[in-house]
Q: 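Quick one: the structure is below, questions incoming.
Note on naming: letters A, B, ... go to the chains in the order of the sequence lines (proteins, then strands), and numbering restarts at 1 for each one. The analysis underlying the following values was restricted to heavy atoms, covering all of them including side chains, and did not include hydrogens, waters or symmetry mates.
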Number of protein chains: 4
Amino acid sequence: MARHRDYTKIEQIFESTLKLVLEKGFAGLKMAEVAKEANLATGTVYIYFKDKDDLINQLYLFLKRRKTILFLQGIDQKEDFDIVLKKIWFAYFEVTMQHVNESAFLEQYYRSPFLKSNVKEESKQILKPIYDLLERGVAEGKLCAVNVEILLSQIVGPIHEMIRAYHDGAVEINAESMNQLYQLVMKGIKA
Amino acid sequence: MARHRDYTKIEQIFESTLKLVLEKGFAGLKMAEVAKEANLATGTVYIYFKDKDDLINQLYLFLKRRKTILFLQGIDQKEDFDIVLKKIWFAYFEVTMQHVNESAFLEQYYRSPFLKSNVKEESKQILKPIYDLLERGVAEGKLCAVNVEILLSQIVGPIHEMIRAYHDGAVEINAESMNQLYQLVMKGIKA
Amino acid sequence: MARHRDYTKIEQIFESTLKLVLEKGFAGLKMAEVAKEANLATGTVYIYFKDKDDLINQLYLFLKRRKTILFLQGIDQKEDFDIVLKKIWFAYFEVTMQHVNESAFLEQYYRSPFLKSNVKEESKQILKPIYDLLERGVAEGKLCAVNVEILLSQIVGPIHEMIRAYHDGAVEINAESMNQLYQLVMKGIKA
Amino acid sequence: MARHRDYTKIEQIFESTLKLVLEKGFAGLKMAEVAKEANLATGTVYIYFKDKDDLINQLYLFLKRRKTILFLQGIDQKEDFDIVLKKIWFAYFEVTMQHVNESAFLEQYYRSPFLKSNVKEESKQILKPIYDLLERGVAEGKLCAVNVEILLSQIVGPIHEMIRAYHDGAVEINAESMNQLYQLVMKGIKA
DNA sequence: GATGAATGAGCGTTCATTCAT
DNA sequence: TATGAATGAACGCTCATTCAT
């Protein structure tokens, strides 16, 4: 129900849910465990969330928002396009790395049947600043005149793939390899 | 002699499982439904698969193998590198498009906790021909001298992302847009 | 505060279980029936007992304790040995007769594979007062200087056998036949 | 069905069943395992036994007969009563010891709900020679003029109890302790 | 007769959700 | 609001039995 009563409890529940989902997957997520992990009674969770489904969907939005705020922090869109893009790219990389768990969750559940379509839409809305930036890049003739969705996936996809590879032990991540990837990516999308 | 073990049943079960997983997600997968969909008794499924978990894991490998066979079909690795790469890239695109369901399943479960690590390893083994090809490309000075994992993600990632975007209604997929993406990708990884 | 854990439910469950086990045997015991018989939901049984096995084991201990308390009731161990022994013997006989069901259960499951070894040990502990008494009898030179276990089986065994015979319709049980058996038994173990 | 076809198979099935029952208890007995242990197919067991229940009941009778034959072997009922009784008592003791497993099974299932009443009756019939002997003892004025059932339980019960105690590690069994028990028992029932 | 794959009713157990306190 | 015991539908899996070969 109301989501303004005790914000601390909500965050506790979110953190517990995230932890448990990452540990045991969504299928293994039990409401009683979420509650226990958050030092709450089972019923309490149902005061803040209608049901399990609602909890998952809310958590998704919560994490999406948090991540976006983090990597847009301190970005000044009025700066030179190339600089903004570079800053955002590295910021996104670092935030994704530092919050692998959340990112894994976000990726894993974006296309799962748990997420309701309105949540997906809201989730896209959150990325609006990025879409705007890319459109500006195309308008300024800095990027290939390609669909923005494609551009975004070209920018973001490789980051995810590299971090995946890193966690599979396939690659190292350091200033050099990050730069290397950045060069590759830019080579691909620059006009 | 009793009835022989009928291995076509395994495929029946796989198809039913895939269908149901895609319809309702893994959490909604019920063994009884799998059996019914495959016109079998519940217990019969357990003759061929130890349990639900085993079924999912086996299905994953089955689809991975099938997909790989499909897009490597008719590829002659002795041909010119650029040609082989291009053929594979478009073959992979088309197979992924035509078997979106299987691909979605493969993507969705690769990193899920359902898959046991040995299945992941076996899954990688299946892609060996691709790794070999990329290494050849690097050796021949045709591709950036970058970690093969990164190269692969640069090649495959954008395809997945574009098809996702397509299913979200964000882009069209046709000869032109495919070519456009291919150019982008190649621009990115060519030496 | 939520409802308190209601420990009388445990006894309800015990009684239902005992009733059903005696009616249909252990193999025919169904958790759902236990719950229904106790006017509870299936799941409730699992709040108080880990699983079916645990239920059986706990029930065993419960009945063993209850029976022991009953036949030791009003016994004053400070009295003359012969009197204490006689009182206990007849008390045991009567309690076993009046609670044939429980006794049947106790006998039947003592050596069955359902009972875990720690339960068997705890079960022995319950009989400690009896062992002590017999040792006192030996020490006072009233009983054959034989292993206490043997003595006990000489005392208790015939009671069980007679009640069995009674339920098979082979013998009558009355003051006379009980006395007759008591004489036989005592003749056998007195020093 | 027919029980004369392949007697070897029947014995194989009996042995396998006994082994498995003793290992895992009756509740854990699976027809498929019985078959496997006997190197037969599941269906084969159903050629020789109507169902699981029938198998258990037949096994009971089989073992009861076998045990009785064993301990009556070489007994000449025409000999002096005291000698016959003593011989039988020790023979029963030894056979029970040497075939603890069978005996455990016989004891455990005699009163279980698995045994049908006609099997119990048939089982009693097998002990007829013993009843006859005891009646003779009473007639000859050698035994207390007590119901034969009681006498039997006085004779047989202690043996079972002692062997139980032995397996619980509570007592030693050797010529001396056996004799000791024999004296106790006889003291109890002699006229 | 022998085989063992197939069947499917049935049962133990779980867990999302409710509700008395 | 918070609690956590209670609920019971639902599901995974088993296993006695059948039956096609």
Q: If you look at every heavy atom in A:Leu22 and A:Ala104, which pair is closest and at what distance?
A: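 Distance-wise, the nearest heavy atoms are CD2-CB, 4.2 Å.
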Q: Give the minimum heavy-atom separation between C:Val45 and C:Met31, together with the two atoms involved.
A: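 Where C:Val45 meets C:Met31 most closely, the heavy atoms are CG1-CE, 3.8 Å.
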Q: Given atom CD1 of C:Ile13 and atom P of F:dA5, what is their separation to the nearest angstrom?
A: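 In whole Å, F:dA5 P and C:Ile13 CD1 are 14 Å from each other.
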Q: In whole angstrom, give the distance that lies between atom CZ of D:Phe26 and atom P of F:dA16.
A: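 It works out to 9 Å between those atoms.
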Q: Ignoring the backbone of D:Lys9, work out which of E:dA2, F:dA2, E:dT13 is nearest its side chain.
A: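 For D:Lys9, the side-chain atoms sit closest to E:dA2.
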Q: I want to check a possible cation-pi pair here: B:Lys52 against B:Phe26, using under 6.0 Å from ring centre and within 45° of the ring axis as the test.
A: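 The answer is yes; both the distance and angle limits are met.
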Q: In whole angstroms, how far is the P atom of E:dC15 from the CG atom of A:Leu55?
A: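 About 16 Å, once rounded to whole Å.
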Q: Which residues, if any, of residues 27-45 of chain D bring a heavy atom under 4.0 Å of DNA chain F?
A: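 Hits under 4.0 Å, by residue number: D:Leu29, D:Lys30, D:Met31, D:Thr42.
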Q: D:Ile56 has an atom CD1; how far is it from atom P of F:dA16, in whole Å?
A: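 So the CD1-P distance, D:Ile56 to F:dA16, works out to 10 Å.
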Q: Taking side chain to side chain donor-acceptor pair (under 3.5 Å) as the criterion, tell me which of D:Gln12, D:Lys30, D:Lys19 meets it with D:Glu37.
A: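 By the side chain to side chain donor-acceptor pair (under 3.5 Å) criterion, D:Glu37 pairs with just one of D:Gln12, D:Lys30, D:Lys19: D:Lys19.
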Q: With nearest nucleotide decided by heavy atoms, which residue, B:Lys50 or C:Arg5, maps closer to the 5′ end of DNA chain F?
A: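 Nearest nucleotide further toward 5': that of C:Arg5.
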Q: Grab the NZ-P distance between D:Lys24 and F:dT14 for me, whole Å please.
A: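 Computing the D:Lys24:NZ to F:dT14:P distance gives 13 Å.
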Q: For A:Lys24 and A:Glu33: C-alpha separation, side-chain torsions, deciding distance, then whether salt bridge (charged side-chain N to carboxylate O under 4.0 Å, His left out) applies.
A: CA-CA 11 Å; A:Lys24 312 180 182 180; A:Glu33 280 185 5; 3.3 Å; yes
Q: Name the stems with DNA chain F in them: runs of three or more consecutive Watson-Crick or G-U pairs, distances under 3.5 Å?
A: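 Detected stem regions: E:2-21 with F:2-21.
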Q: Identify the two heavy atoms, one from B:Val119 and one from B:Leu115, that lie closest to each other, and give their separation to 0.1 Å.
A: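 Of all heavy-atom pairs spanning B:Val119 and B:Leu115, the closest is CG1-CD2, 4.3 Å.
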Q: Kindly point out which of F:dA6, E:dT13, E:dA6 is positioned nearest to the side chain of C:Ile47?
A: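 The answer is F:dA6.
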Q: Do the side chains of C:Ile47 and C:Arg5 get nearer than 4.5 Å, heavy atoms only?
A: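 C:Arg5 reaches C:Ile47 side chain to side chain.
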Q: Can you check the C:Asp51 CG to E:dC11 P distance for me, whole Å?
A: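 One finds 17 Å between P of E:dC11 and CG of C:Asp51, rounded.
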Q: Where the side chain of B:Tyr48 is defined as all heavy atoms beyond and including C-beta, which of E:dA5, E:dA2, F:dA6 is the nearest nucleotide?
A: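 Ranking E:dA5, E:dA2, F:dA6 by closest atom to the B:Tyr48 side chain puts E:dA5 first.
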Q: Nearest of F:dG12, E:dT14, F:dA2 to any side-chain atom of B:Tyr46?
A: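 Closest nucleotide to the B:Tyr46 side chain: F:dG12.
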Q: Between atom CZ in A:Phe49 and atom C1' in E:dA16, what is the gap in whole Å?
A: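 From A:Phe49 CZ to E:dA16 C1': 16 Å.
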Q: Quick check: closest heavy atoms across D:Leu55 and D:Val34, and the distance to 0.1 Å?
A: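 Here D:Leu55 and D:Val34 meet closest at CD2-CG1, 4.3 Å.
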Q: Among C:Tyr48, C:Phe105, C:Phe49, find the one that has a ring pair (Phe, Tyr, Trp, His ring centres under 6.0 Å) with C:Phe14.
A: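 Testing each of C:Tyr48, C:Phe105, C:Phe49 against C:Phe14, the sole residue satisfying ring pair (Phe, Tyr, Trp, His ring centres under 6.0 Å) is C:Phe49.
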